[in-house]
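Quick notes on the structure that follows.
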Amino acid sequence: MKPAHTPGPWRWDGYSLLPCNPDYKSHAVHTILEADNFAWGFVSSKMEDVLPEDEANRALIAAAPELLEALTFAEQFMSGFEGDAEQDGIDAKLTTIRIALSKARNAITNATEVAA
């Protein structure tokens, strides 16, 4: 079964977001995003401020698959300490992680359902 999202890692090539290792046997998408333009700044924004922010946004989008995977590993590891009074704030931290994971997984599921 193919994954619901294009597996990472991803990379930017100009204004195209692509999987680093495209393989039609493991996933169906070879181009994730084809952006005609970079970020649109506010009317009062200076181009020298817009460009670095755009680059940071694109880097964050490209890192999303690895972030999702790392957060999943962290949740699995930390769940072993759940309820342990010696682990300061572990339950609250796990709640934050689980909310973020739930949002990401729901977004993937919803996108998959819309596409079907």
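Throughout, residue positions are numbered sequentially from 1 according to the sequence presented.
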For residues 38-52, dump all side-chain donor-acceptor pairs below 3.5 Å to protein atoms at least two apart in sequence or in another chain.
{"from": "S45", "atom 1": "OG", "to": "F42", "atom 2": "N", "distance (Å)": "3.1"}
{"from": "S45", "atom 1": "OG", "to": "F42", "atom 2": "O", "distance (Å)": "3.4"}

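Cluster membership check: L68 does not share its hydrophobic cluster with L33, using side-chain heavy-atom separations under 4.5 Å among Ile, Leu, Val, Met, Phe, Trp and Tyr. There is a path of hydrophobic side-chain contacts, each under 4.5 Å, that joins I108 to L71.
Among residue pairs with one or both ends in residues 28-38, none qualify as salt bridge (charged side-chain N to carboxylate O under 4.0 Å, His left out); sequence neighbours excluded. Screening residues 47-67 for ring pair (Phe, Tyr, Trp, His ring centres under 6.0 Å), with sequence neighbours left out, gives no hits. The side-chain hydrogen bond (donor to acceptor under 3.5 Å, both in side chains) pairs that include a residue from residues 87-107 are T72-R105, E75-R98, E82-R98, S102-N106, where partners are two or more places apart or lie in different chains. Counting only residues at least two apart or on different chains, the side-chain hydrogen bond (donor to acceptor under 3.5 Å, both in side chains) pairs with a member in residues 51-66 are D54-R58, E55-R58.
Closest approach of W12 to A59, counting heavy atoms only: NE1-N, 3.9 Å. When all heavy atoms are compared, the tightest approach of P19 to P7 is CB-O, 4.3 Å. Scanning all heavy atoms of the two residues, the minimum distance from A62 to L17 falls at CB-CD1, 3.9 Å. In this structure, T31 and L18 approach most closely via the heavy-atom pair OG1-CD2, 3.6 Å. Considering every non-hydrogen atom in both H27 and N21, the closest pair reads NE2-O, 3.7 Å.
W10 places none of its side-chain heavy atoms less than 4.5 Å from the side chain of C20.
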Test side chain to side chain contact (heavy atoms under 4.5 Å, CB included) on L67 and L60; report intermediate values, then the result.
CA-CA 9 Å; L67 291 169; L60 183 59; 3.9 Å; yes

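Checked against side-chain contact (heavy atoms from CB on, under 4.5 Å), F77 has the following partners two or more places apart in sequence or in another chain: F81.
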